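One structure below.
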Amino acid sequence: MERIFIGVAWPYANGSLHLGTLAGCLLPGDIFGRYHRMKGNAVLMVSGSDEHGTPITLTAEKEGVEPKEIVDRYHEEHKKNLEELGIHFENFTRTSNEFHKNVVKDFFLRLYDKGYIYPEKMKAFYCENCARFLPDRYVEGICPYCKGKARGDQCEECGKTLEPEEILQPKCKICGGKPTLKETEHLFFKLSAFENKLMEWLKNKHYWRDNVLNFTLNLLKAGLKDRAITRDIEWGVEVPLEGYENKRIYVWFDAVIGYLSASKEWAEKKGMPDEWKKWWMEEAKHYYFLAKDNIPFHTIIWPAMLMAHGGLNLPYDVPANEYLTMSGEQFSKSKGIGIWIPNMLKKFEADVIRYYLSINMPEKHDTDWQWEDFVAKNNNELVAIYGNFIHRVITFASKNFGVVPPYTKGDDLDARTIEEIKNNFEEVGKAIEKCYFKEGIKRIMRMAQIGNQYMNRVEPWKLLKDDEERCKSVIHICLKIVKFLAVASAPYMPKTADKIWKMLGYNDSIHNRKWDEAYEELEENELQKPVPLFNKLNLDDIVEEPFSKLDLRVAKVINVENHPNADKLYVMELDVGELGKRRIVAGIKPWYEKGELIGKKIVLLANLKSAKIRGVLSNGMLLAADDGGKAVLLIANGKEGSRVYIEGIEGKPVKEMEYEEFRKIKMAAKGGKVEYKGKFLRDETGEIKIDGVVKDGSIIR
RNA sequence: AGCGGGGUGGGGUAGUCAGGAAAACCCGUCGGGCUCAUAACCCGAAGAUCCGUGGUUCAAAUCCACGCCCCGCUACCA
């Protein structure tokens, strides 16, 4: 038996969980945990809501409530979602509880006593108007070097790191006022003292994922700077030292200690307050599941903190995932891209979501969530290959025999098939142990496929008439395969696995069984009546908001020519950033000169079905307001290729959109802007404007 | 700008670290088989200059160099 500690990155309690968190952290952690529990290992898997930090206080202010109300809301929601998703923790807690705060304070004091924390004065921006110090990213200004837009301690254009006093025309992002530099004293963690120790510790981590190890080593080579671990805010863990009553411990310092506090709390709740020591002070392997942006916290800062503390286990592996993108773009609230878990759970079975994210997990590079693909994988793989195999076997067996029939008459094919299944099953286990979750689920699918092949070869429906004994034996083999599948699927699709288990006539939960039981002989159970495990999905049902189907993009006009066969048409060439160059035909010639169009940023409907217009192929169309027959362009401001959207409507663009379908979506002009369902069309920089005065209510087309 | 990851048939991915006979899988397309099963399953076929150029080698998707193009990160969006 091994002891396995699993730490899953703490979701921030400032919003709903989204698919990225699930794909990158929660799901891999859960698969890993479930597998090890079935293997008979002692698993302690913890996480919780990360509830401190400025973003939460800002959200609270925006809503006019206390921070506590925000974090309570999302913590409850997270907990509920996790349960619905079948993500099982030994302890899923939160950083605002007293237990955690006390552990953080103890940890802090221990480091302080050992001399790893020291005070230092620094200058920071203070906004009189808001009466608060501003975190870096809430200060905007101009870069002294390239005159580009600078945010906080860095220029967004040239990427140069800036000292606070260098930044020109600083502006408070909250109130727009002018912040001043004010001196403040903070406590620093002596991260720099751990460079060599960390380097030494990393020496035998050759089994880590390349991206994680390389990234970490590069940061170390670049040299570590001591980090301020206190902030001038009121929301957070109090600093347990005199003179720091107005400061709080910085959220990253507090959050990672959560791994330890959650373990201690778990032991406490179990009534065995020392039990956590078995994982933290005795031999145990520590795994941390997180996404790539979180790597430095878990491979440098947290290990350094643990070293500073002393006597606690360091991470064994940090199999960080890359990102899940949404139709090619990064999840982002501010850009209106993303899929939120509460929404997903209303529409789909947890295991369907788990399946798609497992087989499409961003292990080595970013992977893309695509609705078409999601539907296709559900329908063609889960339903057709996997679900159908189980269903056809159980249906056949229960209809004809009622119980698991005995195996009495075999042949070579049986042995070969079982051998192959067994081999695949073992590989699934190995894959999970190495955190190659994608490979594991693929092998499970392969097993279902082997089952289908076997059945097609031996044709039990024919044997039923002329060789019942052989037929029973064949079905016995098929049921064995079903059992293999149930056990192997348990970490990936826990609810489904349990359903299969019940169909096989077992009364208990598969999650209390052992992984190796998959090989054990079937009992002569009475089979349950089968119910289809999954159902087909229809893309049209999923994408119910017609606006979601649109793929609207910012496009810059780079060339305009007359259409060879039409008076009112231009043939325009557009730069659509990541989508490349596009040629479209547009009927705006009567109202716009060629010259004034070039360089303009307009709104393009990028996924409109291509059409020949008077002999010229047009790939998309531009949007304009129709003011009594006169076309007036919509003007965008964002980067070429960036999305144009309505806040609150999830973008789920279809591949191709019919013109008629587009016409049903009624957008109208209002006060120089474009309104749809009470909200305004916008891009990443703000609302889209109409290029001139048009009557309110003019239709956009 | 620096760093990291990537570019593989029409789409989505595997394979690349340890170079080798037919480049794997799912979808899509075309043809066939089966009829137990959720019109599901199974078999076969077509379809790839493995981003480009040059190099190392008996042998390169894989190693090296240069170039092009995407994406991400740069320390609080997973």
Side-chain angles (χ1 to χ4, degrees), chain A residues 8-12 14-15 17-26 50 52-56 135-137 146 153-155 157-161 206 210-211 214-215 218-219 221-222 224-225 227 250-252 255 289-297 300-301 320-325 328-334 338 359-360 362 364-368 370 372-373 375-377 379-381 383-385 387-397 399-400 438-439 442 445-446 449 451-457 459-464 475 478 530-536 578 580 655:
Chain A
V8 176
W10 294 47
Y12 201 53
N14 194 27
L17 293 172
H18 59 75
L19 283 181
T21 322
L22 182 58
C25 318
L26 297 165
D50 179 6
H52 294 135
T54 317
I56 283 171
D136 288 338
R137 51 186 223 158
C146 73
D153 55 356
Q154 195 176 28
C155 171
E157 311 276 326
C158 69
K160 233 180 152 74
T161 315
H206 49 264
D210 289 345
N211 56 345
N214 289 337
F215 187 55
N218 278 324
L219 286 172
K221 278 179 206 150
L224 299 179
K225 275 199 221 148
R227 305 281 304 171
Y250 191 24
V251 57
W252 66 252
F289 290 89
L290 40 111
K292 59 180 167 189
D293 59 298
N294 229 329
I295 291 173
F297 289 100
I300 292 183
I301 295 177
N321 274 320
E322 303 284 315
Y323 280 133
L324 182 74
T325 58
E329 288 183 272
Q330 195 180 343
F331 278 68
S332 159
K333 273 195 174 175
S334 58
I359 202 138
N360 202 21
K364 297 193 148 183
H365 50 81
D366 294 355
T367 57
D368 201 26
Q370 289 187 26
E372 277 101 334
D373 195 42
V375 170
K377 286 213 158 62
N379 292 357
N380 302 322
E381 296 174 22
V383 176
I385 297 177
N388 181 242
F389 172 69
I390 291 160
H391 193 249
R392 75 196 285 214
V393 170
I394 307 256
T395 304
F396 190 96
K399 197 159 69 187
N400 296 306
K438 225 181 199 174
E439 188 188 329
K442 280 188 178 171
M445 277 300 150
R446 177 75 197 130
Q449 206 166 37
N452 276 319
Q453 285 165 349
Y454 175 78
M455 236 176 143
N456 278 44
R457 281 279 293 280
E459 302 182 304
W461 50 92
K462 283 185 183 160
L463 292 170
L464 191 62
I475 291 302
C478 289
V531 189
L533 293 166
F534 302 103
N535 291 301
K536 287 202 163 193
E578 59 178 9
K655 222 182 219 165

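On a predicted model such as this, the values are computed, not experimentally measured, just so you know. All values below come from the heavy atoms of this structure, side chains included, with hydrogens, waters and symmetry mates left out. Just so it is clear: chains get the letters A, B, ... in the order the sequence lines come, proteins before strands, and each one is counted from 1.
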Taking any strand in view, what nucleotide pairs with B:rG54 in a Watson-Crick or G-U wobble way, both distances under 3.5 Å? B:rC64
Would you indicate whether the side-chain heavy atoms of A:W252 and A:H52 approach each other to under 4.5 Å? no
Of the candidates B:rC77, B:rU13, B:rC76, the side chain of A:V251 sits closest to B:rC76
State the pairing partner of B:rA45; accept Watson-Crick or G-U wobble contacts with both distances under 3.5 Å, and report none otherwise. B:rU29
Would you indicate whether the side-chain heavy atoms of A:N535 and A:V383 approach each other to under 4.5 Å? no
A:F297 has an atom CZ; how far is it from atom P of B:rA75, in whole Å? 9 Å
Rounded to whole angstrom units, what separation is found between the CG atom of A:D373 and the P atom of B:rC27? 11 Å
Report the distance from atom CG of A:N400 to atom C1' of B:rC36, rounded to the nearest whole Å. 8 Å
Could you measure between the two P atoms, the one in B:rC26 and the one in B:rC66, and give it in whole Å? 39 Å
What integer distance in Å separates A:E439:CD from B:rU13:P? 18 Å
With rounding to the closest Å, how many angstrom separate the C1' atoms on B:rA61 and B:rG15? 8 Å
Does A:L290 offer a backbone N or O that forms a donor-acceptor pair with the side chain of A:N294 under 3.5 Å? no
What integer number of Å spans the C1' atoms of B:rG47 and B:rU29? 9 Å
Rounded to the nearest angstrom, tell me the gap between atom CG in A:N294 and atom C1' in B:rU74. 15 Å
Phosphate OP1/OP2 of B:rA14: any A:K438 side-chain N/O under 4.0 Å: yes
Picking from B:rU35, B:rC77, B:rC76, which would you name as closest to the side chain of A:Y250? B:rC76
Between P on B:rC76 and NE2 on A:H52, what's the gap in Å once rounded to a whole number? 17 Å
Applying a 4.0 Å non-hydrogen cut-off, can you work out what A:M455 is touching in the nucleic acid: base, sugar-phosphate, or nothing? base
Counting only side-chain heavy atoms from C-beta out, which of B:rA78, B:rU35, B:rC36 sits nearest to A:L324? B:rA78
What distance, rounded to whole Å, do you find between the two P atoms, one in B:rU62 and one in B:rG55? 14 Å
Separation of atom NZ in A:K377 from atom P in B:rU13, rounded to whole Å: 8 Å
Is it the case that the side chain of A:T21 and the backbone of A:L17 share a donor-acceptor pair, with hydrogens and angles ignored and the cut-off at 3.5 Å? no
Nucleotides 38-48 of chain B: protein proximity per nucleotide (B base, S sugar-phosphate only, - neither; heavy atom, under 4.0 Å): B-SBBS-----
Look only at the side chain of A:D50 and the backbone of A:Y12, and say whether a donor-acceptor pair between them is shorter than 3.5 Å. no
Identify the two heavy atoms, one from A:N321 and one from A:A23, that lie closest to each other, and give their separation to 0.1 Å. ND2-O, 3.6 Å
A:K442, nearest nucleotide to its side chain (from B:rU35, B:rU13, B:rG12): B:rU13
Is there a Watson-Crick or G-U wobble partner for B:rU35 with both distances under 3.5 Å, and if so, which one is it? none
Can you check the distance between B:rC27 and B:rA1, where both ends of the measurement are the P atom (answer in whole Å)? 43 Å
Work out how far the C1' atom of B:rG12 is from that of B:rU57, and round it to whole angstrom. 34 Å
Taking only the C1' atom of each, what is the distance from B:rC77 to B:rC69 in whole angstrom? 27 Å
When you look at A:H391 and A:L533, which way does the side-chain contact (heavy atoms from CB on, under 4.5 Å) test go after all the steps? CA-CA 8 Å; A:H391 193 249; A:L533 293 166; over 6 Å; no
What is the separation between atom CG on A:L290 and atom P on B:rA75, rounded to the nearest whole Å? 17 Å
Quick check: on RNA chain B, is the nucleotide nearest A:R227 upstream (toward 5') of the one nearest A:N321, or the reverse? Name the residue that is more 5'. A:R227
Side chain of A:Y250, backbone of A:G53: donor and acceptor closer than 3.5 Å? no
Any strand, both distances under 3.5 Å, Watson-Crick or G-U wobble: B:rA1 pairs with B:rU74
If you take all heavy atoms of A:I475 and A:F396, which pair is closest and at what distance? CD1-CD2, 3.4 Å
Evaluate whether the aromatic ring of A:W461 and the six-membered ring of the B:rC36 base sit under 5.5 Å apart, centre to centre, with an inclination under 30°. yes
Out of B:rG12, B:rC36, B:rA78, which nucleotide sits closest to the side chain of A:Y12? B:rA78
Given the C1' atoms of B:rC42 and B:rC34, what is the spacing between them in whole Å? 7 Å
